[in-house]
Amino acid sequence: MRLPEPSRLLSLFLAVPGGLVLWSAFPDAGVWPAAFVAVAILYWALGRDSAWWNLLIGTLFGLAFFLPHLWWAHQSTETVPWIALSTLQALFLGVFGALWTWARRAPFLRRRGWRLAAAFAVLFVAVEQWRAEVPFGGFPWGRLAWAMAGAPTGRAAWLGGTVAVSLLVAFAGALLALAVAAVLRAQVGRAVGALALGAAVAVVPLVLPLPTSASAGPVETPDGDVVYDAGSDLAEDGQLWAGAVQGNVGEPGLGAFANRAEVLNNHLEGTYVLAEDFAGELDVVLWPENGSDLDPQEAADVAGGLDAASTAVGAPILVGAQEFPETGGRYNVSLLWQAGQGVIGRYAKQHPAPFGEYIPMRSVLRVFSDQVDRVTTDMIAGVNPPVVDVPSRLGQGSYRLGTVICFEVAYDEIVRDAVTEGAQVLVVPTNNASFGFTAESTQQLAMSRVQAITTGRAAVQISTVGVSGVITPDGTVVRDTELFTADELVVNLPLRSAVTPAVAAGYWPGWVVGGLAVLLVVAGVVGRVGERRRAGKRAAVD
């Protein structure tokens, strides 16, 4: 069963609304069922048997999605970089449209309803995976999986990570398109069958045994005090008591860090607020990325301030800072600072953001936008594992934090590496100040939720300005903050060592989907070549 081939006018009409429907599935709108509808619209819009036409339609769909989805890039830079990034990502959907035109020509897919839907899903997710890897290390923003953080389908991340979630969404969406086609043909039985299969695909992850062995989260009294249930059930490996400080900035937007001392002092002040009620009771205090842009290893006054704050709260502080090595460049680091000892743990960001933290092809890009010169010193990629060990305040060994900085939470391999290196909880220090009141921070929180499910780890996303959040191992947000407010959190995090199937699978889901996609396209091309040869022979005989 295939959809009737749409006219050029109809496919054009479907492309832009379809992309906007997909945008509505993601935060801040967050209407996750819209993702299935958007995929169904795209399936229909790509129904013409022309690779060039479908390249255009896929690109238009992608532009309608990415331009509003990545609006925060405009907020933090200017129009040209925002349009360039959105267009690049949209072109991947255009390429998908062309590849899908070729792949569905494979003889074993013709008029095979559910097989067509499955092939569509495989190819879509393969292109999504490639987009997350190239160019310049890829850009995973806008993956279907990120829209499913609070949906039943999102639970599939525990089994196969973002690849599995996106695959189910794309498959169910394509089945929805086939159901609509059956309704138009008055084939009630086929329509019901396609809808039933699609619904089952979307909700079957509800049966997966996600970890929920977490101790009680924070409970607020009517007057705003935070209390805890000390007798609650603990996780399999115990618990970590963590404070987190969202210090805020005086000026949202591009000028947020003009006064670096102010930002540092805001986070020091928040740490003293924690010390008033929880001195000696916390294992660690978490600061966001750029909580101190100044390197405490080089600035004696910053070191003194951290020493005093760490002493007051009775715990080491995970500080977001910058290091400037003598060889040039800079590192974006999370430093675990212990009073009287200095740095006792360190992680340097492995995946600096191209065009944001370093500028590839700087001389070429300067022709199009002088925004490249805002990055005066290119960031260097760290090579150490994304983990930091926190000594237990009870003197019984240490706890291992998985530390993924800012955009790194979108890269499955970095989060997975943290767990394979023994991380028992995840910490996502981030700085969202330059993105203003856009949806960037809530989009990132959705990614942290999906990664919590993928790894079976509790997670804390701690931002300079929000949104910060505390996430249980099943992806539930139990506490979050508002944008551009100062706030402090104290949370009881379950420590877990069990490895989920998604982590154990490693790169294999992506490799398998990519391999199948290549085979589908090759089969379609070979099938078309064979058709033309047979048609040529028949014409010669006639």
Arg416 to Tyr507, cation-pi by 6.0 Å centre distance and 45° axis angle:
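Relative to the ring axis of Tyr507, which defines the angle, Arg416 lies inside both limits.
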
Matching residue for Glu289 among Asn431, Asn332, Thr464 - test: side-chain hydrogen bond (donor to acceptor under 3.5 Å, both in side chains):
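With Glu289 as partner, side-chain hydrogen bond (donor to acceptor under 3.5 Å, both in side chains) holds for just one option, Asn332.
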
Between the main-chain N or O of [Y] and the side-chain N or O of [X], is there a donor-acceptor pair closer than 3.5 Å?
| X | Y | result |
| --- | --- | --- |
| Gln129 | Gly510 | no |
| Thr438 | Phe435 | yes |
| Asp307 | Gly340 | yes |
| Gln461 | Thr430 | no |
| Glu78 | Ala73 | no |
| Arg155 | Leu208 | yes |
| Thr455 | Gln451 | yes |

Between the side chains of [X] and [Y], does any donor sit under 3.5 Å from an acceptor?
| X | Y | result |
| --- | --- | --- |
| His267 | Ser292 | no |
| Asn432 | Gln444 | yes |
| Asp474 | Thr476 | yes |
| Glu408 | Gln350 | no |
| Gln246 | Ser468 | yes |
| Gln89 | Arg131 | yes |
| Trp241 | Glu281 | no |

Considering the options Phe26, Phe139, Trp23, which one meets the ring-ring contact (aromatic ring centres under 6.0 Å, His included) requirement together with His69?
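Exactly one candidate clears the test, Phe26.
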
Relative to each other, are the rings of Trp71 and Trp82 parallel, tilted or perpendicular (30° and 60° limits)?
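Correct class here is perpendicular.
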
Evaluate the ring planes of Phe437 and Phe484, with Trp represented by its six-membered ring, and classify them as parallel (under 30°), tilted (30 to 60°) or perpendicular (over 60°).
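Rings of Phe437 and Phe484: tilted, as their planes differ by 30° to 60°.
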
May I ask you to say whether Asp293 pairs ionically with Arg330, meaning some side-chain N is under 4.0 Å from a carboxylate O?
no

Taking the six-membered ring where the residue is Trp, are the ring centres of Trp32 and Trp146 under 6.0 Å apart?
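No, ring centres 6.0 Å or more apart.
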
Should the heavy atoms of other residues, nucleotides or ligands under 6.0 Å from CD of Glu421 be counted, would the total exceed 12?
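Counting neighbours around CD of Glu421, more than 12 heavy atoms of other residues, nucleotides or ligands fall under 6.0 Å, so yes.
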
